[in-house]
Amino acid sequence: MKKFSKTFKFGEHDVTLETGHVARQADGAVLVTMADTVVLVTAVARKEAKPGQAFFPLTVNYQEKFYSAGRIPGGFFKREGRPTEKETLTSRLIDRPIRPLFPKGFLNETQVIATVMSSNPEVDADIPAMIGASAALSLSGAPFQGPIGGARVGFVDGEYVLNPTATQLDESRLDLVVAGTSEAVLMVESEADQLSEEQMLGAVTFGHEQMQVAIKAIKELTAEAGKPKWDWQAPERPAGLDKQVADLASEGLAKAYENTDKTTRREAISELRASVVEKLCPEGDDNAPSADDVKDEFAALEKKYVRDQILDGKPRIDGRDLTTVRPLDMEVGVFPRTHGSAIFTRGETQAMCVITLGTGRDAQIIDAIEGEYKEQFMLHYNFPPFCVGETSFMLGPKRREIGHGKLAKRALAAVVPKGEEFPYVLRIVSEVTESNGSSSMATVCGSSLAMMDAGVPMKAPVAGIAMGLIKDGDRFAVLTDILGDEDHLGDMDFKVAGSKDGVTALQMDIKITGITREIMEVALKQATDARGHILEQMNQVIERPREEMSEYAPRLFTMKVHPDKIRDVIGKGGATIRQITEETGTTIDIQDDGTVTIASVNQAAADDARKRIEQITADVEVGAIYEGTVTKIMNFGAFVTILPGKDGLVHISQISDKRVENVTDELAEGDKVKVQVLEVDKQGRIRLSMKSLKEDEKEGESN
């Protein structure tokens with residue numbers, strides 16, 4: 001058993017790739033170590049494609065093991081379960097740059113599994129996992145046209161930082177992940193604090209330049225320990241079938257694409273496809289091509305037609321030029337009982353966004369390997385089948401829905417108020433009700449409108465737009481506001497979101513082997529113009545956050561108590577705070593630092609709850625006058641409750657300025673009386689007097 005390894009410097013950390021001694025039955029296996037974060041990545045590809053397989057079944061599974069951080073999972077079941085949101089997003093992050101590097105026609109089932117074995121909380125495992133996936137596939141011998149590299153880029157004090165630590169990211173205005181080959185960029189995923197387009201492009205370029213050391217190390221490791229490359233050849237297409245399909249379909253295809261309406265166009269194309277298959281695949285003809293081959297040629301013809309039309313400067317599928325945004329329509333305050341709502345429509349894409357304001361107890365508790373934490377801002381994206389006129393099972397959110405929701409959340413995170421400025425928990429739900437191109441960016445726009453409708457004091461409204469690319473040799477065209485068909489038939493999906501002051505999120509996926517800086521510059525310029533146009537239209541609907549929140553939204557009132565008083569507010573077994581919430585109808589959250597948040601839709605109820613808490617936590621002052629309740633009668637005096645949980649004794653000699661024979665002659669349990677504090681001794685015992693107040697009254701009358 002021989003171990004092969006390569007080590008290289010990557011930012012502040014050393015990265016080591018090891019193979020040959022672990023998971024040897026996998027086609028490729030690598031242990032990637034980066035500052036105590038260790039990920040085992042394996043790759044396995046079947047040697048034969050499944051008969052009748054019509055797509056490339058690539059799956060990427062990233063999984064975090066709690067033992068990697070010396071933790072046991074929380075909850076009832078003490079083992080890892082279904083993938084978390086972080087695991088799903090990281091799986092997508094790895095999948096996106098490696099998928100386009102498998103040759104067309106390769107349909108063999110392929111699986112990449114990345115397992116976090118050791119976790120340093122300062123170093124996220126996603127970049128080591130991405131590098132490991134590239135190395136494992138390169139070592140496997142499968143027809144993978146890599147390797148790729150991956151890097152995280154931060155922006156601290158005006159400087160780019162390669163692979164910043166978690167601590168550095170807290171101070172960074174940028175969290176960008178870029179992946180690519182030695183020649184070009186393949187994927188970008190980022191969240192930014194309103195950086196300029198030039199700064200974002202610089203970050204992408206910086207990351208691509210720095211990742212070359214990882215690509216070089218993978219190539220060297222593959223040369224030493226890689227398996228022989230498969231002798232795989234793409235299946236030959238039936239000779240002459242392309243011409244037969246073109247002769248039958250070209251004229252009808254051009255006519256079908258004269259329809260600018262998506263549904264009408266797709267129906268015409270579907271009928272044409274069925275007609276071509278029927279003519280070329282007659283029943284009983286053993287020499288006829290298969291229906292799948294005919295459909296493949298039809299798809300190739302359709303793709304070539306659309307791309308040629310655009311590259312030749314002709315109108316796009318729906319009649320637009322390259323830079324025009326589809327017609328916009330938007331509305332806020334749609335639903336009467338929600339805290340904020342909006343409908344954003346762009347062409348045939350529509351998102352219905354609703355926001356709910358909650359208290360601290362509504363925050364999502366995340367049990368992660370780095371520890372448990374609370375998420376104060378949530379954005380959930382739903383893509384029901386009816387939005388594209390289809391039917392399917394309604395199961396849980398799929399990877400795509402989780403990914404689109406995270407992108408929209410990243411786009412808005414920079415402008416959402418935090419902390420004491422706005423102590424609400426925010427949950428936005430985007431229901432995509434129509435889709436024909438970039439529903440995630442419609443979600444960004446709709447969510448921004450909904451937050452302003454709810455009165456959330458955002459730093460600035462945010463809009464997003466999706467750009468596409470058609471590239472053939474040196475010719476290329478960048479498309480603003482792409483349709484679903486243009487995304488499917490094109491070479492790039494480039495989403496940009498931001499405010500008027502800068503970019504807040506950027507996501508790019510490339511279906512070809514990469515794009516140049518020139519193309520990215522053009523895409524960013526067109527995206528800036530489109531974003532400005534959309535923001536202008538949004539401002540005409542609602543220019544700034546509403547000053548008044550919905551009458552059904554909770555009002556939050558915060559106050560501070562001394563941490564030592566928290567136990568008094570909570571009471572034994574939570575009895576005190578439970579009594580306050582039940583009697584006032586409020587919701588009360590108490591933090592360890594003594595911050596008390598009272599939530600109520602009723603101002604009077606909130607004031608009542610605040611007053612009760614103030615009384616519980618107030619210190620008894622000598623000389624102060626209180627109105628209290630007699631709670632117990634004794635031979636020597638009466639005990640009076642002057643504040644919640646604070647009783648004092650009125651001695652029989654302090655009840656009246658006259659001689660009192662029996663306490664019961666003057667007082668009864670439940671009486672409301674005014675008392676003055678005479679003394680609080682070292683043991684906390686309180687001496688009260690009614691007599692002193694009567695003497696003061698007589699003195700006032702005589703004067």
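Every value quoted in this text rests on a predicted model; they were computed, and no experiment measured them.
- Of the possible polar contacts, one joining the Ser190 side chain to the Leu506 backbone as a donor-acceptor pair under 3.5 Å is found.
- Between the Asp501 side chain and the Gln194 main chain, no donor and acceptor come within less than 3.5 Å of each other.
- Taking all atoms of both residues into account, the shortest heavy-atom contact from Gln376 to Ala363 is OE1-CB, 3.3 Å.
- Between Arg400 and His404 the shortest side-chain heavy-atom distance falls below 4.5 Å.
- Rounding to the nearest 0.5 Å gives a distance of 12.0 Å between CG of Asp95 and OG1 of Thr90.
- Listed for the Thr19 side chain is a donor-acceptor partner under 3.5 Å among the backbone atoms of Ala29.
- Looking at Tyr62 and Val116, their side chains come closer than 4.5 Å, going by heavy atoms from C-beta outward.
- Arg96 and Glu189 are joined by a salt bridge, as a carboxylate oxygen and a charged side-chain nitrogen come within less than 4.0 angstrom of each other.
- Nearest heavy-atom pair across Ala411 and Thr504 is O-OG1, 2.7 Å.
- Salt-bridge annotation for Arg427 and Asp362: absent, with no side-chain N of the basic residue lying under 4.0 Å from a carboxylate O of the acidic one.
- Shortest non-hydrogen contact noted between Val30 and Ala135 is CG2-CB, 3.7 Å.
- Although no hydrogens or angles enter the test, the distance criterion places a donor-acceptor pair under 3.5 Å between the side chain of Ser138 and the main chain of Ser134.
- You'll find the side chain of Lys374 reaches within 4.5 Å of the side chain of Ile365, heavy atoms only.
- The neighbour count for Glu375 CD, taken as heavy atoms of other residues, nucleotides or ligands under 6.0 Å away, is above 12.
- For the side chain to side chain donor-acceptor pair (under 3.5 Å) with Tyr381, the lone residue among Ser447, Ser439, Ser430, Ser440 that qualifies is Ser439.
- Within 6.0 Å of NE2 in His488 there are 12 or fewer heavy atoms belonging to other residues, nucleotides or ligands.
- Taking 4.5 Å as the limit, some side-chain heavy atom of Phe206 sits within range of a side-chain heavy atom of Leu162.
- One distance of note links OG1 of Thr528 with NZ of Lys500; it measures 14.0 Å at 0.5 Å rounding.
- Contact annotation: the side chain of Leu483 approaches that of Arg326 to within less than 4.5 Å [non-hydrogen atoms, C-beta and beyond].
- In this structure, Arg92 does not pair ionically with Asp509, as no charged nitrogen and carboxylate oxygen lie closer than 4.0 Å.
- Between Asp367 and Arg71 there is a salt bridge, since a side-chain N of the basic residue sits under 4.0 Å from a carboxylate O of the acidic one.
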Counting only pairs under 3.5 Å, give me each side-chain donor-acceptor contact of residues 386-397, with atom names and distances, residues two or more places apart or in other chains.
none

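- By the neighbour-count criterion of 12 heavy atoms within 6.0 Å, atom CD of Glu159 is sparsely surrounded, having that number or fewer from other residues, nucleotides or ligands.
- Residue Lys511 qualifies as enclosed at atom NZ: its count of foreign heavy atoms under 6.0 Å is above 12.
- In this structure, CD1 on Ile148 lies 7.0 Å from CG on Leu101, to the nearest 0.5 angstrom.
- Put simply, the side chain of Glu87 does not reach to within 4.5 Å of the side chain of Glu80, judged on heavy atoms.
- With Gln350 contributing its side chain and Thr433 its backbone, the two residues share no donor-acceptor pair below 3.5 Å.
- Ring planes of Phe155 and Tyr160: tilted class, angle from 30 to 60°.
- Taking all atoms of both residues into account, the shortest heavy-atom contact from Pro103 to Gln145 is CB-NE2, 3.7 Å.
- The existence of a salt bridge linking Glu521 and Arg517 is confirmed by a sub-4.0 Å separation between a basic side-chain nitrogen and an acidic carboxylate oxygen.
- Nearest approach of Ala497 to Val462, heavy atoms of both residues: CB-CG1, 4.4 Å.
- Note that the CG atom of Leu412 and the CE atom of Met458 stand 6.0 Å from one another [nearest 0.5 Å].
- Looking only at distances, a side-chain donor or acceptor of His208 sits under 3.5 Å from a matching main-chain atom of Thr181.
- Partners of Thr88 according to the side chain to side chain donor-acceptor pair (under 3.5 Å) rule, which considers only residues two or more places apart in sequence or in another chain, do not exist here.
- By the neighbour-count criterion of 12 heavy atoms within 6.0 Å, atom NZ of Lys104 is sparsely surrounded, having that number or fewer from other residues, nucleotides or ligands.
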| field | Worked verdict on Asp124 versus Leu169 for side-chain contact (heavy atoms from CB on, under 4.5 Å) | value | CA-CA 11 Å; Asp124 199 315; Leu169 279 176; over 6 Å; no
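- Electrostatic pairing of Glu197 and Arg531 counts as a salt bridge here, judged by a charged N lying under 4.0 Å from a carboxylate O.
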| task | Apply side-chain contact (heavy atoms from CB on, under 4.5 Å) to the pair Met34 and Val39, showing each step before the final yes or no. | result | CA-CA 9 Å; Met34 183 174 175; Val39 186; over 6 Å; no
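- Between Val15 and Ile127, the closest side-chain pair of non-hydrogen atoms is not below 4.5 Å.
- We find that Asp126 and Arg152 are joined by a salt bridge, their nearest charged nitrogen and carboxylate oxygen being less than 4.0 Å apart.
- Rounding to the nearest 0.5 angstrom, the gap separating the CG atom in Leu40 from the CD atom in Glu18 is 11.0 Å.
- Side-chain atoms of Thr349 come within 3.5 Å of backbone atoms of Asn436 as a donor-acceptor pair (strictly under, hydrogens ignored).
- Judged by distance alone, with hydrogens and angles left aside, the side-chain atoms of Thr480 form no donor-acceptor pair with the main-chain N or O of Val325 at under 3.5 Å.
- Under the 3.5 Å distance criterion, the side-chain polar atoms of Thr110 are left unmatched by any main-chain donor or acceptor of Leu58.
- Rounding to the nearest 0.5 angstrom, the gap separating the CD atom in Glu191 from the NZ atom in Lys409 is 8.5 Å.
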| message | Is there a side-chain contact (heavy atoms from CB on, under 4.5 Å) between Ile94 and Val41? Walk through the geometry before answering. | response | CA-CA 11 Å; Ile94 298 168; Val41 190; over 6 Å; no
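- Counting heavy atoms of neighbouring residues, nucleotides and ligands inside a 6.0 Å radius, atom CG of Asp170 exceeds 12 of them.
- Thr167 and Glu122 form a side-chain donor-acceptor contact under 3.5 Å, judged by distance and modelled atom types alone.
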| field | Criterion salt bridge (charged side-chain N to carboxylate O under 4.0 Å, His left out) on Asp193 and Lys459, from CA distance to verdict | value | CA-CA 11 Å; Asp193 184 11; Lys459 296 177 184 176; 5.0 Å; no
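- Annotation: Glu421, atom CD; neighbour count of heavy atoms from other residues, nucleotides and ligands within 6.0 Å is above 12.
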| Stepwise side-chain contact (heavy atoms from CB on, under 4.5 Å) test for Val354 and Glu431 | CA-CA 8 Å; Val354 181; Glu431 307 285 0; over 6 Å; no
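- In this structure, the side chains of Ser91 and Arg399 come closer than 4.5 Å at one or more pairs of heavy atoms.
- Around atom CZ of Arg46, no more than 12 heavy atoms belonging to other residues, nucleotides or ligands sit under 6.0 Å away.
- The pair Lys495-Asp493 counts as a salt bridge, with a side-chain nitrogen and a carboxylate oxygen less than 4.0 angstrom apart.
- Closest of all the heavy-atom pairs between Ala35 and His13 is CB-ND1, 3.6 Å.
- In this structure a side-chain-to-backbone donor-acceptor pair under 3.5 Å is missing from Gln507 to Leu407.
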